[in-house]
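Taking it in order: structure first as structure tokens, then the write-up.
Here, residue 1 is the first one in the sequence, and each next residue gets the next number.
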Amino acid sequence: MTKMKLMFVLSSDSDFDTDYVTKKVGTLPTSVVRKNDPNSSPPYRDFTEWVVSTDYICDDSVAPLLSQLRQKIVCSPHTLRELSDECNADWYIVFDGYTYSGNAPFVYFSDEFVDFCAEIQAKVMFNFDISCDYCN
């Protein structure tokens, strides 16, 4: 069994207006990191990120996470692509989780998801800890 979440991230080495991104996307971010912000942890990060995360789920498929993301991100892929250009930033779709019993997660992407990633030029990343030591 796999416990995972999905993070939809706009990230840049440049600073950009995260409030503007929130307004254009129409979704409140789960977290925001601002470049050179003395209040961030650790302070003075060298990047800016706007992040929307799903809840963690226990499943062997990413389909429920993709469904959660579709409910949170309702603006058009065209708007998302324009935002990345305006902000000099990149979109990342990050799958983060833990796999129990040493089994690798099953990952299947629908044509719709692949087309969405291509349209917004998103980078897809996986961050999974695969271990036999975890228990449900």
Side-chain angles (χ1 to χ4, degrees):
M1 184 64 72
T2 301
K3 181 177 182 180
M4 61 186 154
K5 71 177 180 178
L6 184 149
M7 294 176 288
F8 188 64
V9 182
L10 185 64
S11 181
S12 178
D13 292 338
S14 304
D15 196 15
F16 60 85
D17 184 349
T18 55
D19 292 333
Y20 176 73
V21 174
T22 299
K23 181 180 175 185
K24 291 288 283 188
V25 175
T27 301
L28 289 175
T30 308
S31 66
V32 168
V33 172
R34 290 185 175 90
K35 184 174 183 171
N36 297 324
D37 183 354
N39 298 318
S40 67
S41 178
Y44 301 107
R45 301 272 184 112
D46 59 353
F47 57 90
T48 297
E49 283 187 345
W50 181 93
V51 182
V52 171
S53 295
T54 65
D55 299 325
Y56 273 102
I57 63 165
C58 287
D59 204 314
D60 287 327
S61 171
V62 298
L65 294 175
L66 296 174
S67 178
Q68 280 188 38
L69 179 63
R70 274 194 297 270
Q71 291 174 9
K72 292 180 180 225
I73 306 297
V74 295
C75 68
S76 73
H78 178 75
T79 299
L80 296 173
R81 183 69 193 128
E82 283 180 343
L83 269 171
S84 66
D85 290 341
E86 290 173 23
C87 296
N88 191 31
D90 294 308
W91 286 109
Y92 292 86
I93 298 174
V94 181
F95 294 90
D96 182 63
Y98 305 92
T99 300
Y100 308 104
S101 303
N103 296 324
F106 173 76
V107 179
Y108 167 80
F109 296 134
S110 66
D111 292 343
E112 175 188 19
F113 176 74
V114 172
D115 291 344
F116 171 76
C117 290
E119 191 167 352
I120 68 169
Q121 296 183 350
K123 296 166 176 64
V124 178
M125 300 171 63
F126 296 89
N127 181 29
F128 282 94
D129 185 1
I130 300 173
S131 174
C132 294
D133 297 335
Y134 291 104
C135 63
N136 293 329

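- The closest donor-acceptor contact from the side chain of Thr22 to the backbone of Leu28 lies at 3.5 Å or more, if one exists at all.
- For residues 24-33, no residue pair satisfies the salt bridge (Lys or Arg N to Asp or Glu O under 4.0 Å) rule, not counting sequence neighbours.
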- Message: For a salt bridge (charged side-chain N to carboxylate O under 4.0 Å, His left out) check, start with the C-alpha distance between Asp19 and Lys23, then their side-chain angles and the critical distance, and finish with the verdict.
- Response: CA-CA 6 Å; Asp19 292 333; Lys23 181 180 175 185; over 6 Å; no
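- The backbone N or O of Ser53 lies less than 3.5 Å from a partner atom in the side chain of Lys72, making a donor-acceptor pair.
- Side chains of Thr48 and Asp15: a donor-acceptor N/O pair is present below 3.5 angstrom, by distance only.
- Between Trp50 and Trp91, the two ring planes are perpendicular [angle over 60°; tilted spans 30° to 60°].
- Ile120 and Pro77 get closest at one heavy-atom pair: CG2-O, 3.5 Å.
- Smallest separation of non-hydrogen atoms from Phe16 and Ala89: CE2-CB, 4.2 Å.
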- Task: Would you sort out whether Glu49 and Tyr92 count as a side chain to side chain donor-acceptor pair (under 3.5 Å), showing the intermediate values?
- Result: CA-CA 10 Å; Glu49 283 187 345; Tyr92 292 86; over 6 Å; no
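- Panel note: side chain Gln121, backbone Arg81; no donor-acceptor pair is recorded below 3.5 Å.
- Val124 and Met7 fall into different hydrophobic clusters, where Ile, Leu, Val, Met, Phe, Trp and Tyr are joined by side-chain heavy atoms under 4.5 Å apart, directly or via other members.
- In this structure, CD1 on Ile93 lies 11.5 Å from CE on Met125, to the nearest 0.5 angstrom.
- Residue Phe47 is found in a hydrophobic cluster whose other members, listed by chain and number, are Val33; membership requires side-chain heavy atoms under 4.5 Å apart, directly or through intermediates.
- Contact of the Val94 side chain with the Leu6 side chain is not registered, since no non-hydrogen atoms from C-beta on lie closer than 4.5 Å.
- Note that the CD1 atom of Ile73 and the CD atom of Gln68 stand 12.0 Å from one another [nearest 0.5 Å].
- Linking Ile, Leu, Val, Met, Phe, Trp and Tyr residues whenever their side-chain heavy atoms come within less than 4.5 Å places Val62 and Ile57 in a single cluster.
- Val52 and Pro29 get closest at one heavy-atom pair: CG2-CA, 4.1 Å.
- Phe116 and Val9 fall into different hydrophobic clusters, where Ile, Leu, Val, Met, Phe, Trp and Tyr residues are linked whenever their side-chain heavy atoms come under 4.5 Å apart, directly or through other members.
- By the side-chain contact (heavy atoms from CB on, under 4.5 Å) test, Ser31 pairs with Val51, sequence neighbours left out.
- In this model, no donor atom of one side chain and acceptor atom of the other lie less than 3.5 Å apart for Ser11 and Asp90.
- Just one residue in the list Phe8, Tyr56, Phe128, Phe109 forms a ring pair (Phe, Tyr, Trp, His ring centres under 6.0 Å) with Phe95, and that residue is Phe109.
- Annotation: the span from Thr54 atom OG1 to Arg70 atom CZ amounts to 12.5 Å, rounded to 0.5 Å.
- Between Asp96 atom CG and Lys3 atom NZ the span is 11.0 Å, to the nearest 0.5 Å.
- For the atom pair CG (Asn127) and CE (Met4), the distance works out to 13.0 Å, reported to the nearest 0.5 Å.
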